[in-house]
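Below is one structure, written out as C-alpha cells, with a few remarks after it.
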Amino acid sequence: MDQAPGSPQEPKGAASLPTCYRHPDRETGVRCTRCERPICPECMISASVGFQCPECVRNGSGTGHAPDAAQPRTLAGGTVTADPRLITKILVGLNLAVFLVQLSVGDRFTDSFDLIGRAFVPLLGSVEGVAEGQYYRLVTAMFLHGSYIHIAFNMLSLWWIGGPLEQALGRARYIALYAVSGLAGSALTYLIAEPNQPSLGASGAIFGLFGATAILMRRLNYDMRPVIALLVINLIFTFGWSNIAWEAHIGGLVGGVVIGYAMVHAPRERRALIQYGACALVLLVVVVMTLVRTGQLT
C-alpha cells in the first residue's frame, strides 16, 4: 500500500519533500508552474494550469510568459488600476481649469477656441473657423463651456457616468472612447450646423459615454431602465431647449454606441484589433465629414 511521504511508517533514509521558498518550515509537493519553485498552500495562486507563486503573479516573471500575462484585466481587456477613476478626475479638472481661464480672460479666449464653421468674429477682427484651417477647434471646443449651469451639468454627468465606465473599460480604452466620441460630435456639428453658429461643451463626449454605458449594461444583463430614462431626459433637453447643439449630442451618442459595442463584445483573441479598429473607423468618418464640409465652405 502506498504511504504518504513523511508518515510515521516511512523508512529511514526516504527522501523528504522540498520546502516552500517563502516558508522554509513547510514541506510541499507543489511547484509554481512558471518558475518551478516549491510553494505551500498559503502561497498557491490558482492559474489556468496549476498554481503560481505570488512573485510570478505580481511581477509577470517566469518562463515563456509576457510580463503582463498575470495582470488582472477589466471586462474590456484593460489593466486594472489602483485608482479606477483617475482619467475621469483629470478630465473634470481639465474642464474646470479651462472654464476658469474663460472667466479670467473673457470672450476673446472663448471665441478663439470654440467650434465655428466659418464666420467673421468681431472680437478677433477676422474670418475664423474650421474651414479656415483651424481644425484644432474640433478638439478645443470639447473643453469650453458657456455658463456655470452648463459646466456643472456636464461635469456631474461625467463623474456619474464616466467613473464606472472607466473602471469597466480601463484607462486607454476609456480615453479613446471619450476623445473619439467628442470628435464625432464636433464633426457632425461642423457638417450640419450653420457655419456662423458657435458651439462648445463636453456634451458630445459625454453622450458617447452614455451610449457606451447602455451597451455595457446590456452586455452585463443589468436593468436598462435607469440609463434609458437618463438618456431620454437628456435628449428632451437637447431638442427642447434653445441654444443647444443637438448635432454634437447625436454625433457623440452614435460614436459612443459603435465604439462601446466593439469594446465589450470583441472576442478575446482579437480584442485590441477590433476595439481600436472601431475607434479608427469612427475617426475616418470624422475626417470625411470634416473634409466634405470644408469643401462646401471654401
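Worth saying up front: this structure is predicted, and the values here are computed from it rather than measured.
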Heavy-atom closest contact (M142 atom, A179 atom, distance): CE-O, 4.1 Å
Considering all heavy atoms, the nearest T28-T19 contact: CG2-C, 4.3 Å
Hydrophobic cluster membership, V282 vs Y135, 4.5 Å side-chain cutoff: yes
Contact summary for H145 and A202, nearest pair of heavy atoms: NE2-N, 3.5 Å
Inter-residue atom distance L216.CG - Y222.OH, 0.5 Å rounding: 7.5 Å
Y148 reachable from I206 in the ILVMFWY side-chain graph, under 4.5 Å edges: yes
Heavy-atom side-chain contact between L91 and Y174 under 4.5 Å: yes
E194 atom CD, over 12 foreign heavy atoms within 6.0 Å: no
Same apolar cluster (I L V M F W Y, side chains within < 4.5 Å links), V285/V287: no
Pairwise distance CZ(F109) to CG(D114) - rounded to 0.5 angstrom: 10.5 Å
Any H150 side-chain heavy atom under 4.5 Å of S203 side chain: yes
L100, CG atom: more than 12 neighbouring heavy atoms under 6.0 Å: yes
Main-chain N/O of G208 paired to S181 side chain as donor or acceptor, under 3.5 Å: no
Presence of salt bridge, R137 and E128, under 4.0 angstrom: yes
Pairwise side-chain contact, Q167 with T74, heavy-atom cut-off 4.5 Å (strictly under): no
Donor-acceptor contact below 3.5 Å, side chain R171 vs main chain I87: no
Gap separating the CG atom of L169 from the CD atom of Q275, nearest 0.5 angstrom: 8.0 Å
Side-chain donor/acceptor of R118 to backbone N/O of P195, under 3.5 Å: no
Minimum-distance pair of heavy atoms, taken over all atoms of P18 and R31: CG-NH2, 3.9 Å
Nearest heavy-atom neighbours spanning Q102 and T110: NE2-OG1, 3.0 Å
Q197 CD to Y190 OH distance, which is reported to the nearest 0.5 Å: 14.0 Å
Non-hydrogen side-chain atoms of L183 and V139 separated by less than 4.5 Å: yes
Side chains of L115 and T140 in contact at under 4.5 Å (non-hydrogen atoms): no
Sidechain-backbone polar pair: R219 side chain, V264 backbone, donor-acceptor under 3.5 Å: yes
Nearest atoms (heavy-atom pairs only) where I45 meets P54: CD1-CA, 3.7 Å
Cluster link I149 to W246, ILVMFWY, side chain under 4.5 Å: no
Heavy-atom neighbours of E36 CD exceed 12 at 6.0 Å: no
Heavy-atom check, side chain of F99 versus side chain of L144, under 4.5 Å: no
Side-chain touch F113/Y136, heavy atoms, less than 4.5 angstrom: yes
Point-to-point distance, once rounded to the nearest 0.5 Å, from CG of L191 to CG of L291: 11.0 Å
L165 reachable from F153 in the ILVMFWY side-chain graph, under 4.5 Å edges: no
Note: R85-E166 ion pair, threshold 4.0 Å (strictly below): no
Interatomic distance, I175 atom CD1 to C279 atom SG [nearest 0.5 angstrom]: 11.5 Å
Close side-chain approach of C56 and C35, heavy atoms under 4.5 Å: yes
